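Worksheet: one structure, shown below.
All values below were derived from every heavy atom in this structure, side-chain atoms included, with hydrogens, water molecules and symmetry-related copies excluded. These numbers come from a predicted model, not from an experiment.
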Amino acid sequence: MGFKIKICSGLFLLGAFSGFAQENDSIVPKVNKLDEVVVTGQYNPQSVKKSVFEVKVITRADIDRQAGNNLADILNQTLNINIIPNASTGKSGVQLFGLDAQYFKILVDNIPVVNDEGLGNNTDLTQINLDDIQQIEIVEGSMGVDYGANAVSGIINIITKKSSQYKWEVTPYIQEETVGKEYNFADKGRHIQSIKIGHNFNEKFYANAMFTRNDFKGFWNDKMGENYVNNDGLRGYEWLPKVQLNAKSLLAYTTKNYRLFYKFEFFQETTDRYSADVQQNFDPVTATDNPIAKDEIYSSTRYYHHLNASGKFGDNGMNYDVSFSYQEQTRDLEKYNYRIRQQEHFGTEKLEYESRKVYYSKGFFSNFLKNETFNLQAGYEVNSVNGYITSLAGLFNGENIERELNSYDVYTSSEINFNKRFSIRPGVRMLLSSKFDTQAALSLSAKYAFDSGYELRAIVGTAPRLPNFDELYTYMVDVNHNIQGNPNLNPEQGKSIFLHLKKDTKINEAFSMQNKLSGWFMDVKDRIEMIIIQQSPLVYQYNNIDVYKTWGLSLTNTAQYKNFTGNFGVTFSGISKVLDSGVLSNDDYLYAFQLNANTSYSLPKWGTVFSAYVKYNGPQYQFVERNGALERGKQNPFTWLDATIKKTFLDKKLEATIGARNLLDITTINTTATEAGAHSAAGTNILMGYGRSYFVKLLYKLNM
């Protein structure tokens, strides 16, 4: 039957004109965050200081100092965000405010990115390459009016580079990393090669292209690799090896009043899975064996097309921004038998495991009135996802699955500036769907600037989360299991309230500070969980039964004195989760603590920047069911520490970055905060990393 999804979910952005800001190439860390131009959640690109929303910015300089190749490399040090790796699949997801990647949206230039498991959500962070990125913008909280369904805990908007001050830019680099203690040029470590070329044909036309190869050889740990012949459970890898190929291109045409650009991306990832079960095939006549294993190769291929037109009608006319996108991601499976001694493949079977094809369009119009006090924005969003999943997933009653879902969104918001100090922005979005009842998302944001220099922002927002494919359609029934999806599920309803009090202080020309105190409350109702609906025989089903609440306080501080920059942040939060529909439940808040700090020191005469990053993740607690009662489980604390040195040579043409990730050598952390699944035992530890690793990156800039 195949699985055909047509999902037209809504996802409107209040900021288009993405990428007009220029890239900062200075080796000296940029610190004055209020001067940064942002596009996420804005009617027009503007400074952080003028934004009604609170937008966190990770600059190109931040990315370069950490030698980050993908999102997983960068977000590990971000406050309130946890990176959750899965060594058995090679993927890494985001956890924000305790909510997993289903509640968080990742976009590139305001377009949600297709992936193996969804559109914008459940994104594997290691599949998002950063080599052409200008900056990363993060907005926390339920943002349904701006970004549509599933933007419950927040969004990341990745802004790519679309211009250059040079006629030609040619930037190749290589990067070599250890994986823990493991490294060589053949079958251990991480090996990255990349080249980027940009060209201004004239004042209006700009183009760039890049290619990156990222070869992660896997984490062996105590495993013995693919050519190990004993049947003792040691064959294979602790963390799966994979190779990524990424090619991107852009063509942009810019005039005074409008810009047109087209972006293309090709991405391919090949992940090898090696079975620990080895068949010895012993021959008693010859007293020899011929060990064989059943292995798999998963290949994910993504094609991304994005055409955007933005600008304004006349010098003082209405603004517009319209995007059209086609994306396709296919995950293929190759199953084969492997004669280990001969290193020979045979009995190969190839098939399409799952796929998604996305047709997407969004557009908005603003500045209808030539009025500095009042601004209005209105727009639409449509997307259609056609997908397929094979019966080999094992969750759909032995059948290939095809489904169609359609939804269309319209929204409007207005920005009212009562004076230079006080402004508000109310908004509403309607989400129409053929599968679910019409949903609504609401928001109200406000900003007030005090005489003392303090700025207060308040953001109230709502966003639904639509049930995912597994929750709707799983059907796994055999002699050992009875796990069922529920086509009658309702969307979850998320809402949040955020308050931010911030002050930027300039003591003198050499010394400046920024301090921010944030508080929040988030509530998710009709949470979908797998519960027992029948004790004998045991039957599990997904249902809307849970309530999830979290509140917290966060203090962040930035200081710059001459060539020194320091950042310090701390978060205290509580989570209340009702685990069952009153049968076994406890709504007590369980509290957690997080701390991060980073520092950079620049020596301009030497062309050198020293940087260090540390993040402490305190113990986390969760109620779990054990022997018919609820107990408080604990996940142990851990600290993530990184350090880098970046130096330029040859009149800043050559950059060398050396550093260490995970200096405290974290691999697994102990936990009693996980429950047994419908057909799995509770885990006692969680894999968080592959130990202390070292890297060197060499980048050459040829600018003409």
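- Under the 6.0 Å distance and 45° angle rule, Lys503 counts as a cation-pi partner of Tyr454.
- Side chain of Thr412 to backbone of Gln377: a donor-acceptor contact under 3.5 angstrom is found.
- Side-chain N or O atoms of Asn596 include one that pairs as donor or acceptor with a backbone N or O of Gln77 at under 3.5 Å.
- Residue Lys435 places its NZ atom among more than 12 non-hydrogen atoms of other residues, nucleotides or ligands, all under 6.0 Å distant.
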Carefully, step by step, assess Asp132 and Lys161 under the rule side chain to side chain contact (heavy atoms under 4.5 Å, CB included). CA-CA 6 Å; Asp132 65 334; Lys161 183 177 179 179; 5.6 Å; no
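- In this structure, CD1 in Ile156 is found 7.5 Å from OG1 in Thr78, a value given to the nearest 0.5 Å.
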Under the criterion ring-ring contact (aromatic ring centres under 6.0 Å, His included), I'd like the reasoning laid out for Tyr360 against His306: C-alpha separation, chi angles, the key distance, then a yes or no. CA-CA 9 Å; Tyr360 174 90; His306 178 193; 8.2 Å; no
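- Between Phe53 and Tyr147, a ring centre-to-centre spacing not shorter than 6.0 Å is recorded.
- Not counting sequence neighbours, Lys495 has no partner by the salt bridge (charged side-chain N to carboxylate O under 4.0 Å, His left out) test.
- Residues satisfying the salt bridge (charged side-chain N to carboxylate O under 4.0 Å, His left out) criterion with Lys506, sequence neighbours excluded, are Glu509.
- At most 12 heavy atoms of other shown residues, nucleotides or ligands fall within 6.0 angstrom of atom NZ in Lys525.
- Of the possible donor and acceptor atoms, none in the side chain of Asn200 sits under 3.5 Å from a partner among the backbone N and O of Gln165.
- By the neighbour-count criterion of 12 heavy atoms within 6.0 Å, atom CG of Asn419 is densely surrounded, having more than that number from other residues, nucleotides or ligands.
- For Phe418, the side chain to side chain contact (heavy atoms under 4.5 Å, CB included) partners at least two apart in sequence or on another chain are Ile416, Phe422, Ile424.
- In terms of the side chain to side chain contact (heavy atoms under 4.5 Å, CB included) criterion, residue partners of Ala458 (sequence neighbours excluded) are, by chain and number, Leu499.
- If you run ring pair (Phe, Tyr, Trp, His ring centres under 6.0 Å) between Tyr320 and each of Phe313, Phe364, Phe365, only Phe313 comes through.
- Put simply, the side chain of Asp62 never gets that close to the backbone of Ile58: no donor and acceptor are under 3.5 Å apart.
- Remark: side-chain polar atoms of Arg465 are not paired, donor with acceptor, to backbone N or O of Val524 under 3.5 angstrom.
- Between the side chains of Gln102 and Asn468, a donor-acceptor pair is found at a separation under 3.5 Å.
- Between Glu455 and Arg457, at least one side-chain nitrogen of the basic residue sits less than 4.0 Å from a carboxylate oxygen of the acidic one, meeting the salt-bridge criterion.
- The main-chain N or O of Val37 is found under 3.5 Å from a side-chain atom of Gln135 such that the two form a donor-acceptor pair.
- Looking at residues two or more places apart in sequence or on another chain, you find a ring-ring contact (aromatic ring centres under 6.0 Å, His included) between Phe264 and His305.
- Looking at Gln329, its side chain never comes within 3.5 Å of a backbone N or O of Arg356 through a donor-acceptor pair.
- Between Phe266 and Tyr303, the gap from one ring centroid to the other is short of 6.0 Å.
- Taking all atoms of both residues into account, the shortest heavy-atom contact from Pro112 to Leu107 is N-CD2, 3.8 Å.
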Could you go through Glu328 and Val114, starting from their C-alpha distance and side-chain angles, then the distance that decides it, and tell me whether this counts as side chain to side chain contact (heavy atoms under 4.5 Å, CB included)? CA-CA 7 Å; Glu328 179 178 343; Val114 70; over 6 Å; no
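- Checked by atom type, the side-chain pair Glu492/Tyr548 shows no donor-acceptor distance below 3.5 Å.
- Residue Leu125 forms a side-chain contact (heavy atoms from CB on, under 4.5 Å) with just one option from Leu75, Ile74, Asn70, and that option is Leu75.
- Every residue was checked against the salt bridge (charged side-chain N to carboxylate O under 4.0 Å, His left out) condition with Lys420, not counting sequence neighbours, and none meets it.
- Remark: side-chain polar atoms of Lys105 are not paired, donor with acceptor, to backbone N or O of Met143 under 3.5 angstrom.
- Between Lys162 and Asp109 a salt bridge is recorded (basic side-chain N to carboxylate O distance below 4.0 Å).
- Contact detail for Ala149 and Leu431: the closest heavy-atom pair is N-CD2, 3.6 Å.
- A distance-only check finds a donor-acceptor pair linking the side chain of Asn375 to the backbone of Asn367 [under 3.5 Å].
- Between His199 and Phe201, the ring-plane angle classifies as perpendicular under the 30° and 60° cut-offs.
- Atom OG of residue Ser142 and atom CG of residue Asp523 lie 9.0 Å apart, to the nearest 0.5 angstrom.
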